[in-house]
Amino acid sequence: MAEQREIKENNAWHKAVILFITVLVITAIVALVTTAVLQNQPLLQKYKYGIVLDAGSSHTAVYIYEWPAEKENDTGRVQQTHACKVKGAGISSYSVFPGQAGASLKSCMKEAESLIPLRRHHETPLYLGATAGMRLLRMENQSLSDLVLGSVEEALRSSPFSYQGARIITGQEEGAFGWVTVNYLSDRLKQGSGTTGALDLGGASTQISFVANQDGAEESAENAVTFRLYGNDYFLYTHSFLCYGKDQVLKLALSQQTQSGDSSVLDPCFHPGYSVDRDYSSVYSSPCVMTGKPLVSRDSFTHIGTGNASQCQEVVRRIFNFSGCSFSRCSFNGVYQPPLQGPFGAFSAFYFVMNFLNLTSDSLERSREKLALYCSTPWTQIKQQHPDVKEKYLAEYCFSGSYILSLLTDGYNFTSDTWTHITFIKKISGSDAGWTLGYMLNLTNMIPAEAPETPPLPHAGYITLLFFISLLLFFFLLFLSLRSRWPRCNSQTQII
Ligand SMILES: O=c1[nH]cnc2c1ncn2[C@@H]1O[C@H](COP(=O)(O)OP(=O)(O)O)[C@@H](O)[C@H]1O
Ligand SMILES: [Ca+2]
């Protein structure tokens with residue numbers, strides 16, 4: 001009897017110990033998991049926001065970016081969550097009624113207010129950068145350009161966000177920040193691996209930027225930009241060609257073709273059957289067009305398409321000046337350009353046009369053939385095939401495609417071999433390729449000069465480790481509870 005009581009007491013004691021250890025271990029697991037999860041990733045993800053307005057020559061777009069709070073310095077974490085296209089033309093077109101430029105931004109700014117949580121409004125930086133359209137307006141009339149900027153500034157100041165300024169960015173900034181965006185989004189900066197060059201085609205200017213040999217900086221300092229990002233030095237070649245955006249280039253081409261003063265112009269860069277009356281002022285009012293309107297009493301000419309790709313190539317080539325290079329090598333118009341290096345991402349109108357023409361993955365030769373066929377297609381047929389495409393865009397794709405091929409080959413010196421190094425892109429990991437993201441990252445100091453300290457394990461690593469530790473503890477407990485039964489069975493057998 002005494003023996004049985006002793007066994008019972010032993011069992012009770014055993015159970016109490018097991019229960020105590022179980023509670024202890026479960027509490028430890030819960031505490032461990034909670035701490036790890038909370039430290040590595042807040043359970044309730046808190047985001048911060050930034051807004052950049054891209055006031056381009058053809059239109060303005062409002063980009064909203066977000067990133068997890070307290071993780072600003074981690075590459076590849078800032079991403080675009082929304083883009084709002086402002087209705088109407090670019091802000092430079094408001095030079096007649098400058099006061100209305102600011103009002104045009106209102107609906108997109110209201111959209112931003114509804115998308116960004118209220119408590120973040122006051123701390124959300126808001127920038128506006130204007131590009132080539134405003135550069136041209138400033139060249140024509142500085143006071144009008146100031147009035148337009150003043151109007152957008154007033155509208156943005158009245159928003160609940162943290163307004164950081166509206167300015168005309170330089171062509172160099174536009175090129176360099178486009179390069180930062182592309183390389184940031186493709187995670188190339190933090191990896192310190194090879195970088196991608198950036199090709200941006202707008203309506204009024206075009207930019208080329210790529211990492212080049214440092215010697216180039218001595219040849220042409222105005223084309224050199226240096227960055228120290230995540231502990232790596234980058235020597236960037238960048239150039240922005242004002243007036244070489246596709247809309248201004250069309251004006252240049254038309255000015256050359258209308259010089260004779262004939263009432264109609266036969267244009268090989270437009271489809272056969274295309275015929276439109278155009279005012280001379282639509283061509284000659286731009287500061288990019290240096291020649292004056294032909295001396296005729298008429299105000300307009302008839303623009304007639306003939307759809308001939310090889311003749312179109314000649315028309316387009318005449319826009320470039322290939323003589324007078326005072327450097328070791330030039331692209332065109334006497335602008336220094338070092339040898340092309342590495343892969344390139346071509347975005348904005350490069351993408352819109354090449355994507356429409358279905359030329360994003362063809363060889364240079366095949367692209368020329370396909371474009372020639374497209375240009376020779378009658379205008380009525382083109383309109384029938386694309387009833388939903390804006391007629392202005394549709395009419396100009398043959399011209400724009402021819403210009404792009406000429407700019408990349410005759411202008412920048414891409415060859416049949418290096419053509420394959422170009423990727424036509426719109427977005428990278430959900431964010432638009434363009435200068436805006438790089439601009440914001442730079443102004444908010446979100447890319448540190450030195451590489452940030454990396455934790456010994458990534459978040460996923462901690463979770464995996466915890467999972468295995470928990471699994472181990474679970475089996476340990478299971479083993480203990482099973483073991484607690486074995487001796488009881490044994491002792492009972494012994495008694496019997
Ligand atoms: O869907 C499209 N198809 C063809 N061209 C487009 C499309 N969307 C925008 N574009 C063109 O892309 C260009 C964008 O230029 P942007 O307004 O950024 O000028 P900028 O960079 O020279 O200041 C304009 O020529 C515009 O017409
Ligand atoms: Ca642009």
Side-chain angles (χ1 to χ4, degrees), residues 52-63 83-95 101 104 128-139 145 148-149 152 166-179 181-182 198-209 238-253 282 286-288 345-360 374 382 386 388-404 407 424-427 432-439:
V52 186
L53 278 81
D54 174 356
S57 63
S58 67
H59 79 283
T60 302
V62 178
Y63 293 102
C84 178
K85 208 174 156 184
V86 170
K87 282 197 189 76
I91 58 168
S92 54
S93 71
Y94 287 87
S95 58
S104 71
L128 180 141
T131 50
M134 286 298 285
R135 271 176 226 139
L136 291 176
L137 179 61
R138 185 175 54 188
M139 273 169 58
S145 121
V148 170
L149 275 182
V152 297
R167 52 181 284 266
I168 302 172
I169 64 167
T170 64
Q172 212 183 45
E173 287 175 301
E174 196 178 358
F177 292 133
W179 178 89
T181 301
V182 167
L199 298 164
D200 180 356
L201 178 61
S205 76
T206 189
Q207 289 71 239
I208 176 168
S209 314
T238 184
H239 190 82
S240 174
F241 290 89
L242 188 61
C243 298
Y244 282 77
K246 72 180 179 62
D247 304 330
Q248 289 300 326
V249 158
L250 178 58
K251 289 181 200 281
L252 287 175
S282 70
S286 161
C288 294
F347 47 88
S348 192
F350 277 120
Y351 175 83
F352 298 135
V353 174
M354 297 301 267
N355 182 55
F356 174 84
L357 296 169
N358 203 5
L359 301 180
T360 53
Y374 175 77
I382 294 287
H386 306 279
D388 300 329
V389 178
K390 220 160 104 177
E391 203 164 301
K392 182 189 138 50
Y393 286 154
L394 199 58
E396 293 176 8
Y397 278 126
C398 165
F399 173 83
S400 305
S402 306
Y403 171 55
I404 287 174
L407 172 66
F424 295 93
I425 41 167
K426 179 173 164 56
K427 286 173 183 263
D432 280 84
W435 59 267
T436 49
L437 176 55
Y439 186 68

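Both ligands and their constituent atoms are indexed starting at 1 by order of listing.
Listed by chain and number, the residues in a side chain to side chain contact (heavy atoms under 4.5 Å, CB included) with Thr436 are Val52, Asp54, Tyr63, Tyr65 (sequence neighbours excluded). Residues meeting the side chain to side chain contact (heavy atoms under 4.5 Å, CB included) test with Ala89, sequence neighbours left out: Ser93. For the side chain to side chain contact (heavy atoms under 4.5 Å, CB included) test, residues two or more places apart in sequence or in another chain that qualify with Thr360 are Met354, Asn355, Phe424.
The minimum heavy-atom distance between Lys246 and Leu201, with the atom names listed, is N-CD1, 3.9 Å.
A side-chain donor from one of Gln207 and Ser205 sits under 3.5 Å from a side-chain acceptor of the other.
The backbone N or O of Gly202 sits nowhere less than 3.5 Å from a side-chain atom of Ser348 that would complete a donor-acceptor pair.
Within 4.0 Å of ligand 1, counting heavy atoms only, the contacting residues are Gly56, Ser57, Ser58, His59, Thr131, Ala132, Glu174, Gly202, Gly203, Ala204, Ser205, Lys246, Asp247, Ala349, Phe352, Tyr393, Tyr397.
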